[in-house]
Amino acid sequence: MEDTSLNRRHFLIGTGALLSLSVLQSSGLSMHAITHKKVALIGTGWYGKSDLFRLLQVSNVEVVAVCDVDKKRLDEAAILISRRQVSKKVPKKYGDYRELLANHKLDLVLIGTPDHWHALQAIAAIEAGANVYLQKPISVDVLEGEAIVATARKHNKKVQVGTQRRSTPHMIDANENIVKKGLLGKISHVEMCCYFHMKSNANPPEQPIPDFLDYDMWTGPAPLRPYDGIPHGSWWRAFMEYGNGIPGDMCVHMFDTVRWMLNLQWPKKISATGGTYVQKEAKSNIADTQTAVFEYEELNCIWTHRTWGTPSDPEFPWAFIIYGDKGTLKGSTMKYEFTPTKGEPIIKNVVYEKEQFPEDLTEPRIELNAAPATRKHMLDLLSAIEKDQLPVADVLEGHISTACCILANISMELNRPIKYDPVNKICIDDKEATSKLKREYRGPWKHPWQAS
């Protein structure tokens, strides 16, 4: 009897390959770019796999290796990847990314590990000869980011950062048809926000480390916390040891989008206030309330987050608002609304690609609204590699957006404004703030920034 489910899967893969070819050719890529890329994934959790699956939907790359410190997650990912890629080959599995990079000549490495690993793994991949797709934020301290940028430039490798709002169809429309056409008029104020309840209230007890997890390797250069449950997933985001709280997770996206649209680089000054004001009962040490101001010439970009209460605008709970003297532009991952001072509003909603990529509908935990943006982001990276040009979310842009969020946390901690000098890599007239640009690493790991 014919296996209709198997045939349908082969049909979908074949259809996806044809779509991929069409989209790639329209992007100006050659057949070489389509068929001769060897790829590896470091960090096979939810978003690592999601990023890789989006790449496989638009390019016939070969995933030759995967790496994770969780053997269960690693085994599952290898099987899922083999079903997705045209060759049906199961990628080779590793528990140590250094071994993976030593054993394979790779064109592209995707990094989907927690934030505290991003810098070391990105730099190692670049030095091994690969281009990189690096999840945001690119680092947990400012000088890690400087080191990644320097390494990418030294080796002329392309690094696309997962700030995929730059590749989101309705955001591109807003940028091209609202901002660039001057419909906002003079822009002198921006607000950005996140009101998602993202701070964990859990207090799990210390417990034995499971035999399928290499917890020491998972921790790497970060402080070694007592093991109190599987850290990957979402639990690690509750701790500043591994990231930079809600600014490092959510502000980086919206601030990066605003910088892209308004062509902003480093702010003149960054200040922030906040802390844990409401959710005091949990182990989590990230701030549940924070406001940061990124100051430019005649323009302030203000970030606010609360992990409690209700959003100021339920239609835009994670968003940016750009104010001009001729109108206001609100944007989120789901839509944008432009309200002019005179005339009718313009509204554009998120673009889905359910018909072109029906497999999206059965993928667990997929962010359907983000899938088209990530596919476009992957195509942009492939084009950048092929044409030897910088991708739309180049590592320097990712570094600026990341570092500004980190500097906002430093400002909140020190309770004073920060002026960062990106040329001399110091906080101006502030030795204490400068000392916080580089976190202490747990041995034997070595921080990648070495001052000249």
Side-chain angles (χ1 to χ4, degrees), residues 13-44 47-67 77-78 80-94 97 99-113 121-135 151-152 155-162 164 167 357 359 371-395:
I13 291 170
T15 304
L18 290 173
L19 284 167
S20 303
L21 179 59
S22 174
V23 176
L24 283 166
Q25 288 176 336
S26 69
S27 300
L29 290 173
S30 69
M31 287 299 295
H32 175 78
I34 301 171
T35 58
H36 292 90
K37 298 293 184 196
K38 294 192 179 299
V39 175
L41 171 64
I42 301 174
T44 63
Y47 230 87
K49 292 197 299 291
S50 182
D51 284 338
L52 181 63
F53 292 162
R54 304 293 78 75
L55 174 64
L56 287 170
Q57 286 177 317
V58 296
S59 179
N60 296 331
V61 298
E62 180 73 14
V63 184
V64 298
V66 290
C67 178
L80 290 174
I81 291 165
S82 71
R83 293 172 181 169
R84 289 264 187 161
Q85 61 182 355
V86 174
S87 71
K88 304 302 179 193
K89 292 181 180 178
V90 178
K92 189 170 178 58
K93 296 178 289 187
Y94 294 90
Y97 72 94
E99 185 181 356
L100 180 154
L101 294 173
N103 289 348
H104 300 274
K105 178 64 176 176
L106 299 162
D107 298 294
L108 176 60
V109 172
L110 280 67
I111 297 174
T113 49
Q121 291 169 345
I123 289 170
I126 294 166
E127 291 179 337
N131 301 284
V132 173
Y133 186 91
L134 178 61
Q135 260 306 331
T151 305
H155 296 275
N156 190 31
K157 293 300 176 182
K158 308 303 177 271
V159 180
Q160 181 86 296
V161 178
Q164 72 270 40
S167 294
F357 300 95
E359 62 270 31
T374 303
R375 282 187 282 262
K376 189 173 179 63
H377 225 38
M378 293 296 178
L379 286 171
D380 178 79
L381 174 57
L382 292 174
S383 179
I385 295 169
E386 182 73 5
K387 298 175 182 178
D388 190 23
Q389 63 188 27
L390 296 179
V392 66
D394 172 58
V395 64

*Asks:* Heavy-atom distance under 4.5 Å between the side chains of His377 and Arg54, does that happen here?
*Replies:*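 No, their side chains stay 4.5 Å or more apart.
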
*Asks:* Please check if the side chain of Lys88 supplies one atom and the backbone of Arg83 the other of a donor-acceptor pair under 3.5 Å.
*Replies:*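 Pair found, side chain donor or acceptor close to backbone of Arg83.
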
*Asks:* Closest heavy-atom contact between Cys67 and Tyr97?
*Replies:*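 Closest pair (atom of Cys67, atom of Tyr97, distance): SG-N, 3.3 Å.
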
*Asks:* Answer yes or no: is there a side-chain heavy-atom contact under 4.5 Å between Gln57 and Arg84?
*Replies:*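 When only atoms from C-beta onward are counted, Arg84 and Gln57 do touch, with a gap below 4.5 Å.
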
*Asks:* For Val395 and Val161, which heavy atoms make the closest approach, and how far apart are they?
*Replies:*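 Minimum heavy-atom contact is CA-CG2, 3.9 Å.
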
*Asks:* Name the one of Val63, Val64, Leu108 that satisfies side chain to side chain contact (heavy atoms under 4.5 Å, CB included) with Lys38?
*Replies:*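 Option passing the side chain to side chain contact (heavy atoms under 4.5 Å, CB included) with Lys38: Val64.
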
*Asks:* Does any non-hydrogen side-chain atom of Arg375 lie less than 4.5 Å from one of Ser167?
*Replies:*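 Counting from C-beta outward, Ser167 and Arg375 never come under 4.5 Å.
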
*Asks:* Please report the shortest heavy-atom distance between Ser82 and Pro91, naming the atom on each side.
*Replies:*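 So the two residues come closest at N-CD, 4.5 Å.
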
*Asks:* Look only at the side chain of Glu99 and the backbone of Asn103, and say whether a donor-acceptor pair between them is shorter than 3.5 Å.
*Replies:*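 Not at all, since once roles are kept as given, no pair shorter than 3.5 Å links the two residues.
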
*Asks:* Report the residues that fulfil side chain to side chain donor-acceptor pair (under 3.5 Å) with Glu62, sequence neighbours left out, ordered by chain and then residue number.
*Replies:*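 Ser87.
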
*Asks:* Please give me the minimum heavy-atom distance between Val39 and Val61, naming the atom from each residue.
*Replies:*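 Looking at all heavy atoms of both residues, the closest pair is CG2-CB, 3.7 Å.
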
*Asks:* Check whether any side-chain heavy atom of Val159 lies under 4.5 Å from a side-chain heavy atom of Ile126, and answer yes or no.
*Replies:*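 Side-chain contact under 4.5 Å: yes.
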
*Asks:* Go through Thr374 and Tyr133 one step at a time and tell me if the side chain to side chain contact (heavy atoms under 4.5 Å, CB included) criterion holds.
*Replies:* CA-CA 11 Å; Thr374 303; Tyr133 186 91; 4.1 Å; yes

*Asks:* Is the shortest heavy-atom distance from the side chain of Lys376 to the side chain of Val392 under 4.5 Å?
*Replies:*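 No, every pair of side-chain atoms sits at 4.5 Å or beyond.
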
*Asks:* Can you tell me how far CG of Leu381 sits from CG of Leu55, rounded to the nearest 0.5 angstrom?
*Replies:*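 Going from the CG atom of Leu55 to the CG atom of Leu381 covers 8.0 Å.
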
*Asks:* One thing to verify: whether Lys158 and Asp394 come together as a salt bridge, which I'm taking to mean a side-chain N less than 4.0 angstrom from a carboxylate O.
*Replies:*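 Looking at Asp394 and Lys158, the cut-off is not met.
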
*Asks:* Could you measure the distance from the CD1 atom of Ile81 to the CG atom of Leu52? Nearest 0.5 Å is fine.
*Replies:*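 Going from CD1 on Ile81 over to CG on Leu52, the span is 5.0 Å.
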
*Asks:* Using the ring of Phe53 (Phe, Tyr or Trp, six-membered ring only), decide whether Lys49 places NZ or CZ under 6.0 Å from its centre and within 45 degrees of its axis.
*Replies:*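 Output no; distance or angle outside limits.
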
*Asks:* Measure across Lys157 and Ala130 and return the closest heavy-atom pair with its distance rounded to 0.1 Å.
*Replies:*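 What the structure gives for the nearest pair is CG-O, 3.6 Å.
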
*Asks:* I want to check something: taking the side chain as every heavy atom from C-beta on, are Leu80 and Thr44 in contact at a cut-off of under 4.5 Å?
*Replies:*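 They are not in side-chain contact.
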
*Asks:* Ignoring hydrogens, what is the shortest heavy-atom contact between Gly43 and Thr113? Give both atom names and the distance.
*Replies:*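 Heavy-atom minimum between the residues: CA-CG2, 3.7 Å.
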
*Asks:* For the CG atom of Leu110 and the CD atom of Gln160, what is their distance to the nearest 0.5 Å?
*Replies:*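 One finds 10.5 Å between CG of Leu110 and CD of Gln160.
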
*Asks:* With sequence neighbours excluded, what pairs up with Lys93 under the salt bridge (charged side-chain N to carboxylate O under 4.0 Å, His left out) test?
*Replies:*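 For Lys93, the residues satisfying salt bridge (charged side-chain N to carboxylate O under 4.0 Å, His left out) (neighbours in sequence not counted) are Asp75.
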
*Asks:* What is the distance from atom CE of Met378 to atom CG of Asp51, rounded to the nearest 0.5 Å?
*Replies:*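 Separation between the atoms: 4.5 Å.
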
*Asks:* Starting at CD of Gln135, measure out to CD of Gln121 and round the result to the nearest 0.5 Å.
*Replies:*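 Here the interatomic distance stands at 12.5 Å.
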
*Asks:* Mind checking side chain to side chain donor-acceptor pair (under 3.5 Å) for Asn131 and listing every partner two or more places apart, or none if nothing turns up?
*Replies:*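 Side chain to side chain donor-acceptor pair (under 3.5 Å) list for Asn131, sorted by chain: empty.
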
*Asks:* Nearest 0.5 Å, what's the CG-CD1 distance between Asp380 and Ile385?
*Replies:*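 Here the rounded value is 10.0 Å.
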
